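One structure below.
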Amino acid sequence: VLDVGAAYGHIATALAAKVKIVTAIEPRADAVPRARLERPRENVTYVVGDFLVHRFDERFDVVVAANVLEHIRERPAFLAKCAALADRLLVRVPAINRDWLVPYRRELGLEWRLHPDHEIEYTEATLRAELQQAGWRVTRCFTTYGAVHAAAAREASS
């Protein structure tokens with residue numbers, strides 16, 4: 001499993017309890033040593049790097065991107081690279097309506113994003129459309145606890 005945007009290793013560690021090998025990539029150089037120190041696992045390899053430019057030597061069974069997509073300007077390139085690395089994708093993004101102030105601020109023409117470095121805020125429909133436009137077949141999509149979750153398969157795969 002490839003965990004993109006691994007931060008301090010919370011998801012990588014949870015995955016490592018259920019799968020054979022996890023590669024966790026994180027662009028912030030300060031986060032990876034902390035992940036290695038606080039969440040060491042023999043079956044997790046932490047990598048400091050930018051997912052879009054890092055060269056991976058292997059393919060993965062699945063790519064996990066939890067709270068990552070909303071930060072990326074070049075999402076089509078990101079999703080294409082995910083497809084080049086795996087046939088399955090798991091995504092979690094914050095839901096635009098997780099707080100009533102977000103749509104209200106947007107309606108008033110004020111800064112409405114949940115975080116200033118977010119490029120987009122999602123609904124189930126916008127996440128589904130973005131994944132489908134990038135060639136992913138959405139197999140499951142739901143919203144819970146203020147986040148939109150999706151499982152997708154490469155369009156060419158079953």
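Note that the structure is a prediction, hence the values are computed from the model and not measured.
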For the pair Val22 and Phe60, evaluate side chain to side chain contact (heavy atoms under 4.5 Å, CB included) and give the outcome as yes or no after the intermediate values.
CA-CA 9 Å; Val22 177; Phe60 300 89; over 6 Å; no
Apply side chain to side chain contact (heavy atoms under 4.5 Å, CB included) to Tyr46 and Thr23, showing your working.
CA-CA 6 Å; Tyr46 291 102; Thr23 299; over 6 Å; no
Go through it in stages, so that I can follow the logic: the residues are Arg36 and Val32, the test is side chain to side chain contact (heavy atoms under 4.5 Å, CB included), and I'd like the CA-CA distance, side-chain angles, deciding distance and then a yes or no.
CA-CA 6 Å; Arg36 286 181 182 135; Val32 171; 3.4 Å; yes
Can Val64 and Val1 be said to form a side chain to side chain contact (heavy atoms under 4.5 Å, CB included), step by step?
CA-CA 7 Å; Val64 175; Val1 173; 3.8 Å; yes
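Annotation for Ile120: atom CD1 counts as buried by contact number, over 12 foreign heavy atoms lying within 6.0 Å. Few gaps surround CZ on Phe142; more than 12 heavy atoms of other groups in view lie less than 6.0 Å from it. Other residues, nucleotides and ligands place no more than 12 heavy atoms under 6.0 Å from the CG atom of Asp61. In the displayed structure, Glu42 atom CD is contacted under 6.0 Å by at most 12 heavy atoms of other residues, nucleotides or ligands. No more than 12 heavy-atom neighbours from other residues, nucleotides or ligands sit within 6.0 angstrom of CD on Gln133.
Hydrophobic clustering (side-chain heavy atoms under 4.5 Å, transitive across Ile, Leu, Val, Met, Phe, Trp, Tyr) keeps Ile25 apart from Val44. If you chain together hydrophobic residues whose side chains sit under 4.5 Å apart, Val91 and Leu52 fall into the same group. Hydrophobic cluster membership differs between Ile11 and Ile21, with clusters built from Ile, Leu, Val, Met, Phe, Trp and Tyr side chains linked at under 4.5 angstrom. Ile72 is not connected to Ile96 by any chain of hydrophobic side-chain contacts under 4.5 Å among Ile, Leu, Val, Met, Phe, Trp and Tyr, and they are in different clusters.
Asp87 contributes no side-chain N or O that, together with a main-chain N or O of Val62, makes up a donor-acceptor pair within less than 3.5 Å. Put simply, the side chain of Glu26 gets close to the backbone of Ala7: a donor and an acceptor are under 3.5 Å apart. Of the possible polar contacts, none joining the Arg105 side chain to the Leu110 backbone as a donor-acceptor pair under 3.5 Å is found. Here the side chain of Arg59 pairs a donor or acceptor atom with the backbone of Ala84 at under 3.5 angstrom.
Contact between Ala86 and Val63 at its shortest, heavy atoms only, is CB-CG2, 3.7 Å. Smallest separation of non-hydrogen atoms from Leu90 and Ala151: CD2-CB, 3.7 Å.
In this structure, Arg34 is positioned above the aromatic face of Tyr8, its NZ or CZ under 6.0 Å from the six-membered ring centre and within 45° of the axis.
Atom-to-atom distance recorded for Arg41:CZ and Leu15:CG is 10.0 Å, nearest 0.5 angstrom. Summarising the geometry, atom CG belonging to Leu69 is positioned 12.0 Å from atom CZ belonging to Arg92; distances are rounded to the nearest 0.5 Å. Rounding to the nearest 0.5 Å gives a distance of 13.0 Å between CZ of Arg154 and CG of Leu79. Rounding to the nearest 0.5 angstrom, the gap separating the CD atom in Glu74 from the CD atom in Glu119 is 9.0 Å. Summarising the geometry, atom NE2 belonging to His71 is positioned 11.0 Å from atom CZ belonging to Phe78; distances are rounded to the nearest 0.5 Å. To the nearest 0.5 Å, the span separating CD on Glu121 from OG1 on Thr126 amounts to 9.5 Å.
In this structure the side chain of Cys141 never reaches within 4.5 angstrom of the side chain of His149, judged on heavy atoms. Counting heavy atoms from C-beta outward, Leu127 and Val138 have side chains that stay 4.5 Å or more apart. For the pair Leu2/Phe56, a side-chain contact is recorded, criterion being any heavy-atom separation below 4.5 Å from C-beta on.
A donor-acceptor contact under 3.5 angstrom links the side chains of Tyr122 and Glu130, judged on distance only.
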